[in-house]
Asks: 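My questions all concern the structure below.
This is a predicted model, so every value here is computed, not measured. Here is how names work: the chains are called A, B, and so on, in the same order as the sequence lines, proteins then strands, and each is numbered from 1.
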Amino acid sequence: MHRTPRFLREDDLSALISALPGTRCYQPIEKPTGTDYGTPSSSPPSLRGKRPTSPTKPFFLPSRERVAAFWGSRDLPEIEPFSLVGLRNCDLLSIRYLDHVFLGGVCEDPFYKAHRAAAFLVSVDCSPPQESCFCTAVGGVPYADGGYDLNLTPVAEGYLVVAGTGAGESVLLATAALLTEAKAELLAEGEELRARMVESLSTAARSTPDPQVVAERLGGSEAHASWEPWAGKCVECGACTAVCPTCHCYYIIDSNDAAPGSYTKIRTWDSCLLAEYARMAGMGAKLTPRPRLRSRLANRVLHKYVYSFAQYGMCGCLGCGRCDEACLGAIAIRDVVNAVGASR
Amino acid sequence: MTLRANPYEPIAARLADVVDETPTIRTFVFTPEEPIPFVSGQFVQLCLPGIGEAPFTPSSSPLEPNRLEITILRTGAVTEALHRLEPGAELGIRGPLGKGYPVEKLQGKDILVVGGGVGLAPLRALLYHVFHVRDQLGRIEIKYGSRSPDELLFRRQYDQWSALPGVRFSATVDVPHPQWTGRTGVVTVTSRTVWSSPAAPASCSSS
Ligand SMILES: Cc1cc2nc3c(=O)[nH]c(=O)nc-3n(C[C@H](O)[C@H](O)[C@H](O)COP(=O)(O)OP(=O)(O)OC[C@H]3O[C@@H](n4cnc5c(N)ncnc54)[C@H](O)[C@@H]3O)c2cc1C
Ligand code: SF4
């Protein structure tokens with residue numbers, strides 16, 4: 001793979017984007033409610049500001065998706081190719097995580113696989129740091145080192161562009177007229193931006209210790225009383241699991257929305273924080289293995305910081321900070337991890 | 001252990017027969033429109049359109065993928081609806097799911113199977129497998145317990161199982177009961193001492 005970045009002028013960004021594969025192209029746009037994905041017709045995407053409010057997960061695991069019909073066609077889903085612009089490294093890592101879940105087990109999920117195969121991924125290095133970001137505290141960096149088709153490194157006058165796959169390389173070939181050689185000063189500028197971002201993130205307050213240390217401290221703590229104060233703040237809304245880029249639990253319901261009397265199976269997101277999650281059959285006293293919010297909250301955090309290492313060899317929290325922003329109870333997962341870890 | 005390309009898609013199946021086991025448990029015999037080859041310990045989802053789906057482990061032999069028996073306790077929405085079904089009804093089966101027992105590890109070993117109540121249902125698939133390969137195994141001891149005599153499953157088969165060479169089967173009821181002349185005691189307790197001698201010399205090497 002040709003890994004030397006090439007230079008793209010800011011003014012040519014829209015031209016590059018219109019050369020991306022697929023019929024739809026989702027890009028971060030500034031909205032009154034914050035930056036989020038959209039399909040703008042003219043305005044260039046917002047690549048130098050805050051990361052999108054939404055995770056990338058809905059593009060691969062829609063919150064509601066028809067997965068079967070009674071007695072439906074045997075056809076597997078066909079998803080039209082699309083491009084996704086403006087992914088951050090934490091977004092790419094979340095895709096790697098979901099790949100482990102939906103493609104790495106004893107069977108592949110055909111729906112996830114189809115969305116994944118249809119997507120062309122364009123990532124961008126982060127700048128400037130945001131209050132909510134703490135990727136470096138969970139072993140990440142604010143720029144991609146793989147997992148993208150194209151990556152953009154913002155520099156003063158434009159972007160350093162590099163391809164990570166053959167598909168990315170084809171786009172660069174098709175847009176060769178827009179690209180020039182990236183001079184040594186530009187490459188240095190890109191490197192410096194990355195180093196500065198790592199430094200400012202690492203010195204930010206409220207960081208957590210190394211994820212391996214956290215995993216050791218938190219291991220086996222589900223029943224520990226130090227989770228209690230956090231459960232007291234949680235209002236059990238499930239916002240954290242909805243915005244979390246790696247939360248992936250789902251529930252399957254029968255629906256006759258399409259036509260009365262003819263049922264389809266709809267896969268919807270679920271949340272391990274909700275009391276009904278893992279509810280079992282019957283009328284007994286113990287209908288769920290985790291009747292207390294405290295243990296459900298602990299289980300969620302432990303899945304991210306402890307069990308994910310054993311399951312997938314990576315931390316399940318990527319430090320994007322979306323749960324901190326979404327939480328109605330003003331719970332910051334970094335504070336939870338630090339407080340529970342310190343009490344052990 | 002094959003799975004459809006779309007694991008969410010139910011395989012249409014017909015309810016061929018219903019057998020009463022206890023006041024709340026029935027065994028349902030299903031003939032799926034295509035074979036569902038499973039390993040004992042794996043489970044399937046039974047899907048009733050518009051009511052929902054629930055997991056069950058076949059209680060029939062893994063050697064018969066064209067005819068699945070499933071033994072079901074009536075306890076809630078899906079299981080109540082299942083108990084209302086008449087032979088001829090159509091429903092959906094998804095699976096097999098789960099990993100199943102590592103049955104290849106049983107080679108040359110003495111086997112103790114302990115089950116309680118409706119829990120014998122999923123174990124019966126394992127028993128059929130164990131009986132099928134019993135000349136490659138050591139002693140086979142089956143301990144089954146239930147709260148009361150009328151909750152004992154598959155009573156018609158006990159004599160047949162006990163008659164198999166190398167197989168010992170015993171049923172216990174938790175507390176004494178007027179209609180019960182057999183042993184009493186909780187099965188997890190009565191199973192603590194089973195064999196006084198060490199394992200039979202293995203005829204096959206075990207790994
Ligand atoms: C691997 C496995 C194998 C099993 N094998 C057998 C077997 O061989 N035989 C057998 O008899 N049983 C078996 N069971 C148990 C069986 O699956 C349950 O008895 C069955 O799910 C009961 O379904 P129900 O709809 O009748 O019960 P319900 O109590 O009506 O519902 C059970 C499920 O429905 C959902 N639910 C109900 N109410 C709500 C609500 N208000 N909100 C959200 N969700 C709700 C929950 O997910 C709950 O777990 C097995 C279970 C497992 C996990
Ligand atoms: S967002 Fe906050 S309040 Fe809502 S469920 Fe998550 S932790 Fe609880």
Side-chain angles (χ1 to χ4, degrees), chain A residues 61-62 64-79 101-115 117 248-270 276 278-288 311, chain B residues 1-14 24-25 32-34 37-39 41-57 72-83 89-100 102 117-119 121-122 147:
Chain A
L61 189 69
R64 211 181 142 79
E65 181 169 34
R66 199 193 92 149
V67 292
F70 291 91
W71 313 96
S73 64
R74 303 277 160 89
D75 300 342
L76 285 175
E78 272 176 34
I79 310 292
V101 176
F102 289 101
L103 304 177
V106 288
C107 77
E108 289 181 335
D109 185 284
F111 294 85
Y112 179 85
K113 191 178 180 183
H115 290 291
H248 54 270
C249 284
Y250 60 79
Y251 196 70
I252 295 179
I253 54 168
D254 289 358
S255 159
N256 63 351
D257 287 355
S262 104
Y263 286 93
T264 53
K265 286 192 174 292
I266 308 286
R267 170 159 75 180
T268 65
W269 290 353
D270 200 347
E276 293 292 344
R279 183 187 171 280
M280 294 175 289
M283 308 296 291
K286 205 176 170 210
L287 283 175
T288 149
Q311 286 179 296
Chain B
M1 285 219 266
T2 53
L3 202 60
R4 276 197 168 176
N6 178 359
Y8 303 104
E9 194 169 270
I11 296 166
R14 199 158 289 284
T24 52
I25 299 174
E33 74 177 3
E34 59 186 74
F38 69 97
V39 172
Q42 282 193 298
F43 68 99
V44 296
Q45 294 278 131
L46 288 186
C47 313
L48 296 177
I51 296 170
E53 58 174 50
F56 302 95
T57 309
I72 297 172
L73 170 77
R74 179 159 47 83
T75 179
V78 171
T79 52
E80 301 263 3
L82 279 162
H83 273 245
E90 195 183 44
L91 47 54
I93 301 182
R94 294 206 293 126
L97 303 166
K99 292 192 174 145
V118 71
R147 263 177 308 197

Asks: Could you grab the distance from atom CG of B/Leu91 to atom CZ of A/Phe70, nearest 0.5 Å is fine?
Replies: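 That separation rounds to 9.0 Å.
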Asks: So which of B/Pro49, B/Ala54, B/Gly52 has the largest heavy-atom pair count under 4.5 angstrom toward chain A?
Replies: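 Top option by heavy-atom pairs under 4.5 Å: B/Pro49.
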Asks: Which atom names give the shortest non-hydrogen contact between A/Ala69 and B/Pro10, and what distance separates them?
Replies: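 Smallest heavy-atom distance, with atoms named: O-CD, 4.2 Å.
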Asks: Test of understanding: with side-chain hydrogen bond (donor to acceptor under 3.5 Å, both in side chains), list the residues that count as partners of A/Arg64, not counting sequence neighbours.
Replies: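 In terms of side-chain hydrogen bond (donor to acceptor under 3.5 Å, both in side chains), with neighbours along the sequence ignored, A/Arg64 is linked to A/Asp257.
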Asks: A/Ala68 and B/Glu9: which non-hydrogen atoms are nearest, and at how many Å?
Replies: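 Scanning both residues completely, I find the closest heavy atoms to be CB-CA, 3.7 Å.
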Asks: Between A/Ile252 and chain B, which part of the residue has a heavy atom less than 4.5 Å away: side chain, backbone, both or neither?
Replies: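 Contact with chain B is through the side chain of A/Ile252 alone.
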Asks: For the residue pair A/Arg267 and B/Tyr8, what are the closest heavy atoms and their distance?
Replies: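 Minimum heavy-atom separation between A/Arg267 and B/Tyr8: NH1-OH, 2.6 Å.
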Asks: A/Asp254 and B/Leu48: which non-hydrogen atoms are nearest, and at how many Å?
Replies: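 Reported closest heavy-atom pair: OD2-O, 3.3 Å.
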Asks: Name all residues meeting the side-chain hydrogen bond (donor to acceptor under 3.5 Å, both in side chains) criterion together with A/Asp270; count only those two or more places apart in sequence or in a different chain, and write none if there are none.
Replies: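 For A/Asp270 there are no side-chain hydrogen bond (donor to acceptor under 3.5 Å, both in side chains) partners, ignoring immediate neighbours.
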Asks: If I compare all heavy atoms of A/Val67 with all of B/Asn6, which pair ends up nearest, and what's the gap?
Replies: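 Looking at all heavy atoms of both residues, the shortest contact is O-ND2, 2.8 Å.
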Asks: Heavy-atom distance under 4.5 Å to chain A: side chain of B/Leu73, backbone, both or neither?
Replies: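 It is neither, since no heavy atom gets under 4.5 Å.
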Asks: Does atom CZ of A/Arg279 have more than 12 heavy-atom neighbours, drawn from other residues, nucleotides or ligands, at distances under 6.0 Å?
Replies: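 Atom CZ in A/Arg279 is packed in, count exceeds 12.
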